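Here the structure is laid out as structure tokens; the discussion comes afterwards.
No experiment lies behind these values; they were computed from the predicted model shown. Just the heavy atoms: all of them, side chains too, but no hydrogens, waters or symmetry mates, feed the values below. Along the sequence shown, the residues carry numbers beginning at 1.
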Amino acid sequence: MASADESQIDQQLQDLQERAGGLIPKCQFASSSRLYGELRRRGRVEHRAHAYVMGTFFQMDQAQYLFEFQIMRERAIELIAMLENEEQMRLIQSDFSREQYDYLVYSMSSCAYENLAEATGQLEGYNSDGMHACITDGIQICRRTGKIGCVSCFREYACDVYLAADDPDIAGHQCRLVMEQEGAWSDRGDRRWLATSKLAWLHALQGRFDEALTTMD
């Protein structure tokens, strides 16, 4: 049974997380990110792995809105290391339960790889070394964890990667794969509208304006 001091620590961490999360709908990302950074710090000091992971995840996610892509990549790499190796998590909290760990692996792995892909593309270009590996690894993680709906997120990145590699045909193929998907969408929702608009744009780039207009219709 948790002592009164331990319960107080858990409540303080929960309150800090709620304060940070409450700033997201207001688009106060800088303030929210600072609070999540404090959650990371307190989580490590107090040996609370869940708090540390939550702070890491949300700092990673919000870095894109602050154009802090180096931080985004660093947090993604750290998060992937913890989600791929349970012992990394136990360095923070030795008694962290396997059930909690398995849930974090399921809920966060795809997003961590997705954010790594986005940060790498933003920092080094979508045709840089490592982009194809980010996408391939991300799709494998989606299948391994059973989050099939998240595969479409990596297909969207693949479109940008192949376009940057001057291969519009394969880029268009990636768009069509998303357009043909039915159900089982990620938290982003049905993204066929985005894939369709990207495909129309590709048609326009290649001078196929009638196909572009038909696709947009």
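- Using a 3.5 Å distance cut-off with no hydrogens or angles, the side chains of Thr56 and Glu78 do not pair a donor with an acceptor.
- A cation-pi arrangement is absent between Arg90 and Phe96, since the terminal nitrogen or guanidinium carbon is not both under 6.0 Å from the aromatic centre and inside a 45° cone about the axis.
- Residues Arg48 and Glu6 are in side-chain contact: their nearest non-hydrogen atoms beyond the backbone lie under 4.5 Å apart.
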* Starting from the C-alpha separation in whole Å, work towards a yes-or-no answer on side chain to side chain contact (heavy atoms under 4.5 Å, CB included) for Ile77 and Glu74. => CA-CA 5 Å; Ile77 290 172; Glu74 290 172 359; 6.0 Å; no
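- The CG atom of Leu116 sits 14.0 Å away from the CZ atom of Arg75 when rounded to the nearest 0.5 Å.
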* Asked: Taking it one step at a time, do Tyr126 and Glu118 satisfy side-chain hydrogen bond (donor to acceptor under 3.5 Å, both in side chains)?
  -> CA-CA 9 Å; Tyr126 282 90; Glu118 175 66 14; 3.0 Å; yes
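- A donor-acceptor pair shorter than 3.5 Å cannot be found between the side chains of Asp15 and Gln17.
- A distance-only check finds no donor-acceptor pair linking the side chain of Ser33 to the backbone of Ala30 [under 3.5 Å].
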* Criterion side chain to side chain contact (heavy atoms under 4.5 Å, CB included) on Glu114 and Tyr157, from CA distance to verdict -> CA-CA 9 Å; Glu114 177 194 345; Tyr157 288 121; 3.3 Å; yes
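- No continuous path of hydrophobic side-chain contacts links Leu177 to Leu163 [ILVMFWY only; heavy atoms under 4.5 Å].
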* Gln93 vs Asp95, side-chain hydrogen bond (donor to acceptor under 3.5 Å, both in side chains): CA-CA, chis, key distance, verdict -> CA-CA 6 Å; Gln93 182 179 341; Asp95 62 347; 3.1 Å; yes
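- With sequence neighbours left out, the ring-ring contact (aromatic ring centres under 6.0 Å, His included) criterion links Tyr101 to no other residue.
- Ion pairing of Glu86 with Arg98 is present here, as a side-chain N (NZ or NE/NH1/NH2) and a carboxylate O approach within less than 4.0 Å.
- Atom CD of Gln88 is separated from atom CD1 of Ile80 by 13.0 Å, given to the nearest 0.5 angstrom.
- Between Ser152 and Arg155, the side chains place no donor N or O within less than 3.5 Å of an acceptor N or O (distance only, hydrogens not considered).
- The two atoms that bring Ala200 and Ala212 nearest to each other are O-CB, 3.4 Å, heavy atoms only.
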* **Candidate pair Tyr52 and Arg41, rule side chain to side chain contact (heavy atoms under 4.5 Å, CB included), full reasoning** => CA-CA 7 Å; Tyr52 185 82; Arg41 188 191 70 79; over 6 Å; no
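- Rounded to the nearest 0.5 Å, atoms OG1 (Thr214) and CZ (Phe209) are 13.5 Å apart.
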* Could you give me the CA-CA distance, side-chain angles and deciding distance for Glu38 and Arg19, then say whether salt bridge (Lys or Arg N to Asp or Glu O under 4.0 Å) is met? => CA-CA 11 Å; Glu38 177 62 13; Arg19 283 170 56 206; over 6 Å; no
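- For the residue pair Met131 and Gly125, the shortest heavy atom distance occurs at CG-O, 3.7 Å.
- Side chains of Glu84 and Ile141 form a contact here, defined as non-hydrogen atoms less than 4.5 Å apart.
- Under the 4.5 Å side-chain heavy-atom criterion for grouping Ile, Leu, Val, Met, Phe, Trp and Tyr, Val178 is not connected to Ile170 through any hydrophobic cluster.
- In this structure, Lys147 and Ser107 approach most closely via the heavy-atom pair NZ-O, 3.4 Å.
- Checked by atom type, the side-chain pair Gln100/Ser97 shows a donor-acceptor distance below 3.5 Å.
- Inter-residue side-chain proximity for Glu211 and Gln206 is flagged as unmet; no heavy-atom pair is nearer than 4.5 Å.
- Between Glu124 and Arg73 there is a salt bridge, since at least one side-chain N of the basic residue sits less than 4.0 Å from a carboxylate O of the acidic one.
- Nearest heavy-atom pair, Leu23 versus Leu35, reported as atom, atom and distance to 0.1 Å: CD1-CD1, 3.8 Å.
- Remark: Met54 CE to Leu104 CG distance equals 8.0 Å, nearest 0.5 Å.
- Of all heavy-atom pairs between Pro168 and Leu202, the closest is O-CD1, 4.2 Å.
- Among residue pairs with one or both ends in residues 159-173, those qualifying as side chain to side chain donor-acceptor pair (under 3.5 Å) are Asp160-Lys198; sequence neighbours excluded.
- Taking 4.5 Å as the limit, some side-chain heavy atom of Ser128 sits within range of a side-chain heavy atom of Thr120.
- With hydrophobic clusters built from ILVMFWY side chains whose heavy atoms lie under 4.5 angstrom apart, Tyr36 does not share a cluster with Val45.
- Separating the OG atom in Ser197 from the CZ atom in Arg192 is a distance of 13.5 Å, to the nearest 0.5 Å.
- For CG of Asp210, the number of neighbouring non-hydrogen atoms (other residues, nucleotides, ligands) closer than 6.0 Å is 12 at most.
- Leu66 is connected to Ile24 through a chain of hydrophobic side-chain contacts under 4.5 Å among Ile, Leu, Val, Met, Phe, Trp and Tyr, so both are in one cluster.
- Considering all non-hydrogen atoms of both residues, Cys134 and Tyr113 come closest at O-CD2, 4.4 Å.
- Cluster membership for Val105 and Phe57, using ILVMFWY side-chain heavy atoms within less than 4.5 angstrom, is shared.
- Taking OG of Ser110 as the start and CG of Asp137 as the end, the distance is 12.0 Å to the nearest 0.5 Å.
- Between Phe67 and Phe69, the angle of the ring planes goes over 60°, which puts this pair in the perpendicular group of the 30/60° scheme.
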